[in-house]
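Everything on this sheet refers to the single structure shown next.
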Amino acid sequence: MVALFTLFVILFTSILIVKIASKILVLTGLSEEVAKFQAKSALTGTGFTTTEAENMITHPLRRRVISYLMTISNVGIVSIIATSVLSFIDIKTAEEGFTRIAIASLIFLSVFLLGKNQRLDQ
């Protein structure tokens, strides 16, 4: 159960980091939509070769924020995989397995809903 809670904390922290990074990128002059996309893109490691991506590396603060997101993503992905595996190791009964799957599903749903929360954006 501790691993499931840790998974929640890691996922929530990742969403919070993307939101903070996108707000910083907005303060550098990017639109809200572009900033969110570029922050998510950097955190997931799925960069695109577009003019928007080129604008990210020409501005020193944007480049620093994107660099931090790229570094954090490596730690986050490894942590998510490790805690996911630990969450489902040592299951003794089918009931315990279903309980953990249900808890993990609730965690993903709550993290998703928190990510969509407008108050969290502010």
Side-chain angles (χ1 to χ4, degrees):
M1 287 299 179
V2 173
L4 284 172
F5 177 73
T6 305
L7 181 62
F8 171 77
V9 170
I10 293 168
L11 290 172
F12 179 73
T13 304
S14 296
I15 287 175
L16 198 58
I17 288 170
V18 168
K19 288 187 178 293
I20 292 169
S22 66
K23 293 299 178 186
I24 293 170
L25 293 173
V26 166
L27 292 173
T28 65
L30 290 177
S31 71
E32 185 84 24
E33 183 180 326
V34 171
K36 284 181 182 178
F37 181 79
Q38 291 298 329
K40 287 177 189 175
S41 179
L43 190 70
T44 59
T46 54
F48 297 95
T49 54
T50 63
T51 5
E52 287 176 0
E54 290 173 10
N55 287 337
M56 302 307 290
I57 59 169
T58 57
H59 192 285
L61 180 58
R62 291 178 191 166
R63 186 173 50 244
R64 193 173 330 142
V65 169
I66 295 299
S67 295
Y68 288 142
L69 286 173
M70 292 165 73
T71 303
I72 290 169
S73 74
N74 291 328
V75 174
I77 290 171
V78 170
S79 300
I80 288 171
I81 291 170
T83 55
S84 296
V85 169
L86 289 174
S87 297
F88 295 101
I89 286 181
D90 197 31
I91 295 176
K92 299 195 183 355
T93 64
E95 182 179 307
E96 185 180 354
F98 288 127
T99 302
R100 289 189 190 183
I101 289 172
I103 291 171
S105 299
L106 287 173
I107 286 171
F108 286 121
L109 179 64
S110 60
V111 167
F112 175 77
L113 293 174
L114 280 170
K116 295 287 183 185
N117 190 338
Q118 296 300 321
R119 289 186 93 185
L120 191 60
D121 274 346
Q122 296 173 4

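Position 1 is the first residue of the sequence, and the numbers go up from there.
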If two hydrophobic side chains count as joined below 4.5 Å and joins carry through other members, does [X] share a cluster with [Y]?
X: Phe88; Y: Val9; result: no
X: Val111; Y: Ile103; result: yes
X: Ile17; Y: Ile80; result: yes
X: Phe37; Y: Val26; result: no
X: Leu27; Y: Val65; result: no

Would you list the pairs meeting salt bridge (Lys or Arg N to Asp or Glu O under 4.0 Å) in which at least one residue belongs to residues 87-112, sequence neighbours left out?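 Sorted result for residues 87-112: Asp90-Lys92, Glu96-Arg100.
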What's the separation between atom [atom1] in [X] and atom [atom2] in [Y], rounded to the nearest 0.5 Å?
X: Phe108; Y: Leu113; atom1: CZ; atom2: CG; result: 13.5 Å
X: Ile66; Y: Leu25; atom1: CD1; atom2: CG; result: 5.0 Å
X: Phe8; Y: Thr13; atom1: CZ; atom2: OG1; result: 8.5 Å
X: Ser87; Y: Ile101; atom1: OG; atom2: CD1; result: 11.0 Å
X: Ser79; Y: Ile72; atom1: OG; atom2: CD1; result: 11.5 Å
X: Leu11; Y: Phe112; atom1: CG; atom2: CZ; result: 13.0 Å

Can you see which heavy atom on [X] is nearest to which on [Y], and at what distance?
X: Leu4; Y: Ile107; answer: O-CD1, 3.2 Å
X: Ile91; Y: Thr93; answer: CG2-O, 3.2 Å
X: Leu61; Y: Ile24; answer: CD2-CG2, 4.2 Å

Find out whether Lys19 and Lys36 are in side-chain contact, i.e. whether some heavy atom of one side chain is under 4.5 Å from a heavy atom of the other.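 Side chain of Lys19 against side chain of Lys36, heavy atoms only: no contact under 4.5 Å found.
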So the side chain to side chain donor-acceptor pair (under 3.5 Å) pairs with at least one residue in residues 57-71 (sequence neighbours excluded) are Thr28-Arg62
Suppose we screen for side-chain hydrogen bond (donor to acceptor under 3.5 Å, both in side chains). Which residues come up paired with Ser110, at least two apart in sequence or across chains?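 For Ser110, no residue satisfies side-chain hydrogen bond (donor to acceptor under 3.5 Å, both in side chains) once neighbours in sequence are set aside.
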